[in-house]
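To start, the structure itself, in structure tokens.
Only heavy atoms go into these numbers, but all of them, side chains included; no hydrogens, no water, no symmetry mates.
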Amino acid sequence: MDPKPAVAVIEAAHAAHLTELSLAAQGWTVETSLLPDPADPDLLARFQLMSHGQPDPVAEQHVLAAGRRRSERAVFGPNPVAVDEIERL
């Protein structure tokens, strides 16, 4: 299995989940339809705002954490990172 398409699917699902969290953090109840149009396979999701109320504090914390997260889950290349680059980072 080619890992690149699998990574793209995971990243797309993550983006949909973060959208739901962000809306909940703003007080929205949302109905999400994943891959809602078989004729348009590039349409990942459709989000319908249902009602607005109090912000979800747990969702707010997840959104804040997502903004601080820095990671790369792709396979790394065969060459090691130079020491000066590591120190610069």
Side-chain angles (χ1 to χ4, degrees):
M1 175 182 197
D2 181 1
K4 290 181 182 175
V7 170
V9 169
I10 292 168
E11 289 173 348
H14 184 74
H17 181 64
L18 282 175
T19 300
E20 292 173 328
L21 283 172
S22 179
L23 291 167
Q26 297 174 57
W28 288 102
T29 301
V30 62
E31 185 175 296
T32 304
S33 301
L34 297 177
L35 302 171
D37 185 355
D40 186 0
D42 291 331
L43 179 60
L44 169 68
R46 188 170 283 137
F47 303 94
Q48 182 173 351
L49 301 178
M50 304 304 287
S51 62
H52 191 262
Q54 294 296 315
D56 180 335
V58 174
E60 289 175 332
Q61 292 302 313
H62 284 283
V63 170
L64 290 172
R68 293 187 303 266
R69 199 168 290 128
R70 302 286 184 263
S71 63
E72 174 60 59
R73 293 178 176 87
V75 176
F76 292 103
N79 301 325
V81 178
V83 173
D84 61 325
E85 284 294 312
I86 293 172
E87 290 173 357
R88 185 179 68 78
L89 295 172

Please go through [X]'s hydrophobic cluster and name the other residues, only I, L, V, M, F, W, Y counting, with side-chain heavy atoms under 4.5 Å joining them.
{"X": "M50", "answer": "none"}
{"X": "V81", "answer": "I86"}
{"X": "V63", "answer": "L18, L21"}

Under the rule for side chain to side chain contact (heavy atoms under 4.5 Å, CB included), what residues qualify as partners of R68, not counting sequence neighbours?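 L64, A65.
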First locate atom CZ of F47, then atom OG1 of T19, and finally report the distance between them rounded to the nearest 0.5 Å. 4.0 Å
Quick one: side chain to side chain donor-acceptor pair (under 3.5 Å) pairs with a partner in residues 55-65, sequence neighbours left out?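 Residue pairs passing side chain to side chain donor-acceptor pair (under 3.5 Å), neighbours aside: none found.
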Minimum heavy-atom distance between P38 and P41, given as atom pair plus value: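 Heavy-atom minimum between the residues: O-CD, 4.1 Å.
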Tell me, yes or no, whether the heavy-atom count around H52 atom NE2, taken from other residues, nucleotides or ligands under 6.0 Å, exceeds 12. yes
In residues 24-37, what donor-acceptor pairs under 3.5 Å come from side-chain atoms, sequence neighbours left out?
from	atom 1	to	atom 2	distance (Å)
Q26	NE2	S22	O	3.2
Q26	NE2	S22	OG	3.3
T29	OG1	S51	OG	3.4
T32	OG1	E20	OE2	2.6
D37	OD1	A39	N	3.0

